[in-house]
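Residue numbering restarts at 1 for every chain, and letters A, B, ... go by the order of the sequence lines.
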Number of protein chains: 2
Amino acid sequence: MKDNNDMPGHLARRFQQIAVAVFLAEVEDAGFDLTPVQYAALATIKGNPGLDQVTLAGLIAYDRTTITGVVDRLVQKGLAERRASSRDRRARELEITDEGRRTLRKITPAVESAQRIMLRGLTAREGEELMRLLRKAIAAGNELSRAPLRDVQA
Amino acid sequence: MKDNNDMPGHLARRFQQIAVAVFLAEVEDAGFDLTPVQYAALATIKGNPGLDQVTLAGLIAYDRTTITGVVDRLVQKGLAERRASSRDRRARELEITDEGRRTLRKITPAVESAQRIMLRGLTAREGEELMRLLRKAIAAGNELSRAPLRDVQA
DNA sequence: TACTGATAGTCAGCATACTGAGCAATATCG
DNA sequence: CGATATTGCTCAGTATGCTGACTATCAGTA
């Protein structure tokens, strides 16, 4: 009978659970109300102005049905805008607002602090190694989830 | 500007996402309909007959408000039973059913296969190292989530 | 050009997770 | 003993994530 602690799936769930909690706590301490998912989406919109929702989803490996709600909330908070595309009337072009830019800038220290805290039990070397191993495992399993990571075809 | 791939939080989310997808796929291939969360709960009930919901939640680090729904579904599927405790009328004692035991037994190969698949990009040594680092990071962050792991006080 | 297939987005429904509130029952302590 | 605090559980509300279905639109082709 295997112990939970020998199950990578269980460990993945626990680590993710802690990572989210730490992120939310740091961001709230900084005076903001933004989830990890919303942060990643907003940062990606900023880095890729005018991208459509499917592209955004692919860049951060979200399901396309999830992106709808995430963008809804970013728009509702005034951090992003959703416009009909002129090239493809099915698509929506996404833009970050000035308010979104300001929020991203001010929230960055909290986000970076969160990343440190979630690795606080590890040495710097171990933290790097953990990230390397996660990247490698993720790369090999990318196609196994419904929402794989997709590069932009620039 | 940090890349997503340098953010342990993002990597945690991606690995967990893949882990869940792999688990569900393997279990479905084996002809069962059980989520990772339901599996862990059921296995823990089997190993700790008569435990109450708070104890169960502590053993697998679930929130107590989440456990309610999970147990609901296990009961509804006929895999577990929820009884009023005679010692403490607030508490519910949980028991696995014969059907639950049968399911656990038959599902085990799929669960173990899933754990292998989610590490398929890593060598055996790397897989061990990943689990060690996750365990270490989790131990240091245990108290940071609302639902920390709790040992039984037997 | 008409047909077919693929694509962008949304929606309904289900299953985690969490916040915060509330109820019932137990434990503790003056 | 009685007031208070704590505990076990549930519920309402919100936010991911997913499956599957549907509409509108676009692309490729006969």
Side-chain angles (χ1 to χ4, degrees), chain A residues 9-10 12-14 16-25 28 33-41 51-58 60-77 82-94 144-148 150, chain B residues 9-10 12-14 16-25 27-28 33-41 51-58 60-74 76-77 82-94 144-148 150:
Chain A
H10 177 79
R13 184 188 149 281
R14 286 285 289 132
Q16 151 78 352
Q17 178 184 43
I18 291 166
V20 171
V22 167
F23 185 101
L24 291 176
E28 190 188 343
D33 169 34
L34 209 65
T35 66
V37 159
Q38 289 163 17
Y39 170 80
L51 86 174
D52 62 277
Q53 295 187 186
V54 165
T55 304
L56 170 59
I60 47 187
Y62 291 7
D63 194 274
R64 72 182 190 287
T65 65
T66 301
I67 242 10
T68 299
V70 173
V71 172
D72 279 351
R73 285 179 280 279
L74 288 178
V75 169
Q76 202 241 317
K77 289 177 182 177
R82 183 195 255 143
R83 281 199 298 268
S85 165
S86 49
R87 290 174 285 92
D88 185 337
R89 275 186 299 172
R90 292 169 303 180
R92 313 303 172 88
E93 287 176 357
L94 305 174
L144 300 179
S145 76
R146 167 162 143 164
R150 297 283 179 222
Chain B
H10 177 78
R13 184 188 149 279
R14 284 286 289 134
Q16 152 77 353
Q17 178 184 43
I18 291 167
V20 171
V22 167
F23 186 101
L24 291 175
V27 164
E28 190 188 342
D33 171 32
L34 209 64
T35 67
V37 160
Q38 290 164 15
Y39 170 80
L51 85 174
D52 62 277
Q53 293 186 188
V54 167
T55 304
L56 170 59
I60 45 185
Y62 291 6
D63 194 275
R64 70 183 187 289
T65 63
T66 302
I67 236 33
T68 299
V70 173
V71 172
D72 279 351
R73 286 179 279 278
L74 288 178
Q76 202 241 315
K77 289 177 182 177
R82 178 162 29 198
R83 281 198 299 268
S85 166
S86 47
R87 292 173 284 93
D88 186 337
R89 275 185 298 172
R90 290 169 304 182
R92 313 305 173 86
E93 287 176 357
L94 305 174
L144 300 179
S145 76
R146 167 162 144 162
R150 298 283 178 221

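- Using a 4.0 Å cut-off, some side-chain N or O of A:Thr68 falls inside it from OP1 or OP2 of C:dT10.
- Under the side chain to side chain contact (heavy atoms under 4.5 Å, CB included) criterion, B:Arg64 pairs with B:Arg146, not counting sequence neighbours.
- Contact annotation: B:Arg13 side-chain N/O to D:dG17 OP1/OP2 distance is under 4.0 Å.
- Nearest-nucleotide positions on DNA chain D place A:Pro36 closer to the 5' end than the other of A:Asp88 and A:Pro36.
- Partners of A:Arg82 according to the salt bridge (Lys or Arg N to Asp or Glu O under 4.0 Å) rule, which considers only residues two or more places apart in sequence or in another chain, are A:Asp72.
- A donor-acceptor pair is defined here as one N or O able to donate and one able to accept, closer than 3.5 Å; no such pair exists between the side chain of A:Tyr62 and the backbone of A:Val54.
- At a non-hydrogen distance threshold of 4.0 Å, nothing from residues 18-25 of chain A comes into contact with DNA chain C.
- Remark: B:Ala21 engages A:Ser145 in a side chain to side chain contact (heavy atoms under 4.5 Å, CB included) (not counting sequence neighbours).
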Show me the protein contacts with nucleotides 4-7 of chain C, counting only N or O atoms at under 3.5 Å.
from: C:dT7; atom 1: O2; to: A:Arg90; atom 2: NH1; distance (Å): 2.4

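- Counting non-hydrogen atoms under 4.0 angstrom, A:Arg64 reaches a base of the nucleic acid.
- The side chain to side chain contact (heavy atoms under 4.5 Å, CB included) test applied to B:Arg73 returns B:Gln38, B:Val70, not counting sequence neighbours.
- Ranked by how close their nearest DNA chain D nucleotide is to the 5' end, A:Lys77 and A:Arg87 are led by A:Lys77.
- A:Glu93 is linked by a side chain to side chain contact (heavy atoms under 4.5 Å, CB included) to A:Ser85, A:Arg87, counting only residues two or more places apart in sequence or in another chain.
- Annotation: ring pair (Phe, Tyr, Trp, His ring centres under 6.0 Å) contacts of A:Phe23 (sequence neighbours excluded): A:Tyr39.
- One interatomic measurement links the two molecules: CD of B:Gln16 to C1' of D:dC18, which rounds to 13 Å at whole-angstrom precision.
- In this structure, the side-chain hydrogen bond (donor to acceptor under 3.5 Å, both in side chains) partners of B:Arg14, at least two apart in sequence or on a different chain, are A:Asn142, B:Gln17.
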